[in-house]
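This report refers to the structure that appears directly beneath it.
The structure presented is a predicted model; accordingly, all values stated were derived computationally and were not measured. Letters A, B, ... are given to chains in the order of the sequence lines, protein chains preceding strands, and every chain is numbered from 1.
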Protein chains: 2
Amino acid sequence: MSTDRPRRVNIVDVARHAGVSHQTVSRVINDSPLVAAATRRKVQAAIEELGFRPNRLARALAGGTAREVTVLTTDTSLYGASETLSGIEDAARAAGHTVSVSVMNPDQPYADADVLARLPHLGSPAIVIAHDATTTRAMRALRAAQPSTTVATGGGDLADETEAADWLVALDDRAVAARATRHLLDLGHATVHYLAIPSKAPRRLGWEQALRDAGRPVPPPAACDWSTASAYHAAIGLLEDPDVTAILCGNDDLAVGAVRAAHIAGRAVPGDLSVVGFDDCPYAAFQVPALTTVGLDFRGLGRGAFELLRSKLDGAPRPRPTWRQPELIVRETSAPPRNRTE
Amino acid sequence: MSTDRPRRVNIVDVARHAGVSHQTVSRVINDSPLVAAATRRKVQAAIEELGFRPNRLARALAGGTAREVTVLTTDTSLYGASETLSGIEDAARAAGHTVSVSVMNPDQPYADADVLARLPHLGSPAIVIAHDATTTRAMRALRAAQPSTTVATGGGDLADETEAADWLVALDDRAVAARATRHLLDLGHATVHYLAIPSKAPRRLGWEQALRDAGRPVPPPAACDWSTASAYHAAIGLLEDPDVTAILCGNDDLAVGAVRAAHIAGRAVPGDLSVVGFDDCPYAAFQVPALTTVGLDFRGLGRGAFELLRSKLDGAPRPRPTWRQPELIVRETSAPPRNRTE
DNA sequence: AGATTGAATGTTAGGGCTCACAAACGGACG
DNA sequence: CGTCCGTTTGTGAGCCCTAACATTCAATCT
């Protein structure tokens, strides 16, 4: 398994061609100010002519920084995670960094060492897209072990802000979950049921909080996994109770399952049942009926994470954690309950 | 921007600790058979004790292979692409390779050199998830320039199998598109309209072929982008014609848009309009009505792509291109037209 | 016994780059 | 005119490994 090595053009070749020392070439490719303008031009011409591309590996080996970020996540096909990844990649590419992806298995318990083993070496920059138990644990493992450079995204399991005393970019899931819950209560629903995605405690807590604040009963949340199917089944169960008129869902995929369940159970949405999702997936606006949901800027989250990582690498002091405010998007799946008694 | 370098444990430290030469340590970590069992144990103990992790960079620099794959794609949030990426990552991790992602902008025209610039160096292993014009062009650019190791996934724009005379894993989009079209014709529809995603010529060609084979008129395909919104608007236009009774969509996201358009236009699905999607996204089965679509094993595709790459790196001869057969999944959005006249 | 193997280990030379210096050069200054 | 200084360039060492070759040593053969 060895790539052909037809002796690539290296820095010495360029130096010879330009009639300077290899170090001067190094300075040019690193934008050092200590090169005379004329020399720089000469070298750049040589680089051009020879088609020289600096060897990333050698640079990293010699210089200490690989300019590469490892992104840890569990599921690249989840809307939030993949959008966040895109955002990271976007910002990283602009900054000349390479993004490696390491996909973890959500069902596998990882020892801290297993998490660290996914990095090129101890201390290398990493971003964790922390959206479930596995990735949240990974985030903690890195934070504990890494001499530097871990940035988490998403907030994961973080129950409160104390844990956020770290390099973290997060969406304020909690506040917006409360907001979505209040939206349903304001429409006249007696209470709101919750289909929970694994982890994402903040969403659950926000929902709970809003119910409590309004003095409403807090029904037990229905535990789902990430699949639409699990939400469908959970909702079918929930809908046996005719008093269930509003369901908040951990994400849009679950919301789709809930709507389908209502359909099968013969309940009209939103007439008999209101459903609110989370994430504002691309398809949400085009569901029939169109999904009321929470819009989250995952791409911006990813970009923010990389920028944070960069400032950390640059030795900047840790900024206050950013809690990005999502936005409730009211569409067609939420409405007052039909037989309102007030 | 420099990672702290507290002088990591290296191969020489291990060698000293174990009382052998560094080369012997190298042999141990490379599973060379030329090490006595006792020595191997000694060395392994030293590695364990010192927490030694071989430096990936140095290995690559010295040995010639970085054991890393670059995946080129345009949109990690597209279901197919992200699933494929997961599949690649899965197989690559198992084989001890690192996966780097390079996300291209679908709207930007890339010169061949720009594509190559995304690789760590000329000739380094790459997999292109070729599903649109940009990535298909990237695939061609790599094929032309790379001394080795390009594997494409998905088939992209490939109009026929001649182009497939390369290291390629693909889904037989063409055959299954024809199959889906026949499904609709068999239900009694006079013809089938097509909402086209950018590129993916095979799907369009399969549809065309099936219509021609059945002696049906071939309406002009409606060009959409990847967004549900574009499909929605295209479908709204299409539905002004009351004779439109069946629409095949380039993917499920478009199908959702078409169903929504039907709803807005006051046409029942599937009573007045049949819709068939592509990809079998997780939500497809739970739409109301549940989406008839084509199931594609993207994850398997990704794994297959990596295995192919590996065998290429190992110097294996090119196998015959694999055209994986997808499967039509009939659910609730396809039915006979209401006013059938036969 | 001496020569011949073969396995196990060691030695040396890079790979392509950056870092920390040292050297050369020109001008400003006393 | 010599000294000092800043700018620009060059030199050498070293990052951590592997490839290729050299060496050692015990077992085998004649």
Side-chain angles (χ1 to χ4, degrees), chain A residues 1-43 46-47 50-68 96 120-124, chain B residues 1-43 46-47 50-68 96 120-124:
Chain A
M1 175 164 295
S2 111
T3 307
D4 299 4
R5 295 223 287 170
R7 179 75 178 66
R8 294 203 286 133
V9 179
N10 68 23
I11 202 172
V12 177
D13 299 330
V14 175
R16 205 166 21 225
H17 196 86
V20 298
S21 79
H22 67 112
Q23 180 55 25
T24 300
V25 177
S26 171
R27 290 198 184 94
V28 170
I29 62 184
N30 287 294
D31 289 324
S32 157
L34 296 112
V35 184
T39 313
R40 163 163 289 132
R41 266 195 305 278
K42 222 167 40 181
V43 171
I47 289 176
L50 267 46
F52 169 68
R53 292 256 313 273
N55 184 319
R56 209 172 47 84
L57 267 30
R59 289 180 102 167
L61 184 59
T65 168
R67 294 187 150 257
E68 97 191 315
H121 60 261
L122 191 68
S124 62
Chain B
M1 176 162 299
S2 110
T3 307
D4 299 6
R5 294 222 286 171
R7 180 74 179 65
R8 294 202 286 133
V9 179
N10 67 24
I11 202 171
V12 178
D13 299 329
V14 175
R16 203 166 23 225
H17 195 86
V20 298
S21 80
H22 65 115
Q23 180 55 26
T24 300
V25 178
S26 171
R27 291 199 183 92
V28 170
I29 61 184
N30 287 294
D31 289 324
S32 157
L34 295 109
V35 184
T39 313
R40 163 163 288 131
R41 266 195 304 278
K42 226 169 33 182
V43 171
I47 289 176
L50 266 45
F52 169 69
R53 293 255 313 272
N55 183 320
R56 208 171 46 84
L57 267 29
R59 289 180 101 168
L61 184 58
T65 170
R67 294 189 150 257
E68 98 190 315
H121 60 261
L122 191 68
S124 62

If you define the side chain from C-beta out and look only at heavy atoms, does anything of B:Ile29 sit under 4.5 Å from B:Arg59?
yes

Base, sugar-phosphate, or nothing: which does B:Val12 touch, judged by heavy atoms less than 4.0 Å apart?
nothing

For the side chain of B:Leu61, starting at C-beta, report the closest nucleotide among C:dG15, C:dC17, D:dG10.
C:dG15

Between A:Ala58 and B:His22, which has a closest nucleotide on DNA chain C that is more 5'?
B:His22

Verify the contact: side-chain N or O of B:Asn30 to OP1 or OP2 of D:dT18, cut-off strictly under 4.0 Å; return yes or no.
yes

Nearest to the B:Val35 side chain among D:dT18, C:dT9, C:dG10, which nucleotide is it?
C:dT9

If I take atom CG from residue B:Asn55 and atom CG from residue A:Leu57, how far apart are they, to the nearest 0.5 angstrom?
9.0 Å

Can you tell me how far CD1 of A:Ile11 sits from CG of A:Leu50, rounded to the nearest 0.5 angstrom?
12.5 Å

Are B:Thr24 and C:dA8 close enough that a side-chain N or O sits under 4.0 Å from OP1 or OP2?
no

Strictly distance-based, threshold 3.5 Å: is any side-chain N or O of B:Arg40 a donor or acceptor partner for the main-chain N or O of B:Asp31?
no

Counting side-chain heavy atoms from C-beta on, which of C:dG14, C:dC17, D:dG10 comes nearest to B:Ala62?
C:dG14

Rounded to the Å, how far apart are B:Ile11 CD1 and D:dC17 P?
5 Å

Testing D:dT18, C:dT18, C:dT9 for proximity to the side chain of A:Arg59, the answer is C:dT18

From the set D:dT18, C:dC17, C:dA20, return the single nucleotide nearest to any side-chain atom of A:Gln23.
C:dA20

Could you tell me how far apart B:Arg67 (CZ) and D:dC17 (P) are, to the nearest whole angstrom?
15 Å

When the distance from CD1 of A:Ile29 to C1' of C:dC19 is rounded to whole Å, what number comes out?
14 Å

Please give, in whole Å, the distance from C:dA8 P to B:Asp31 CG?
15 Å

Is there a donor N/O on one and an acceptor N/O on the other, under 3.5 Å, for the side chain of A:Arg53 and the base of C:dG16?
no

At their closest point, which heavy atom of B:Arg27 faces which heavy atom of B:Val35, and how far apart are they?
CB-CG2, 3.5 Å

Return the 5'-most residue of the pair B:Leu57, B:Arg27 with respect to DNA chain C, ranking by each residue's nearest nucleotide.
B:Arg27

Backbone of A:Val12 reached by a side-chain donor or acceptor of A:Asn10 within 3.5 Å
yes

Between D:dT9 atom C1' and A:Arg40 atom CZ, what is the distance in whole Å?
13 Å

Would you say a side-chain N or O of B:Thr39 is under 4.0 Å from OP1 or OP2 of C:dA8?
no

Does a side-chain N or O from A:Asn10 land closer than 4.0 Å to OP1 or OP2 of C:dG16, or not?
yes

Could you give the CZ-to-P distance, from A:Arg56 to D:dC16, as a whole number of Å?
18 Å

Rounding to a whole Å, what distance do you find between B:Leu34:CG and D:dT23:C1'?
14 Å

Measure from CG on B:Asn55 to C1' on C:dC17 and round the result to the nearest Å.
13 Å

Is any side-chain N or O of B:Ser21 closer than 4.0 Å to OP1 or OP2 of C:dT9?
no

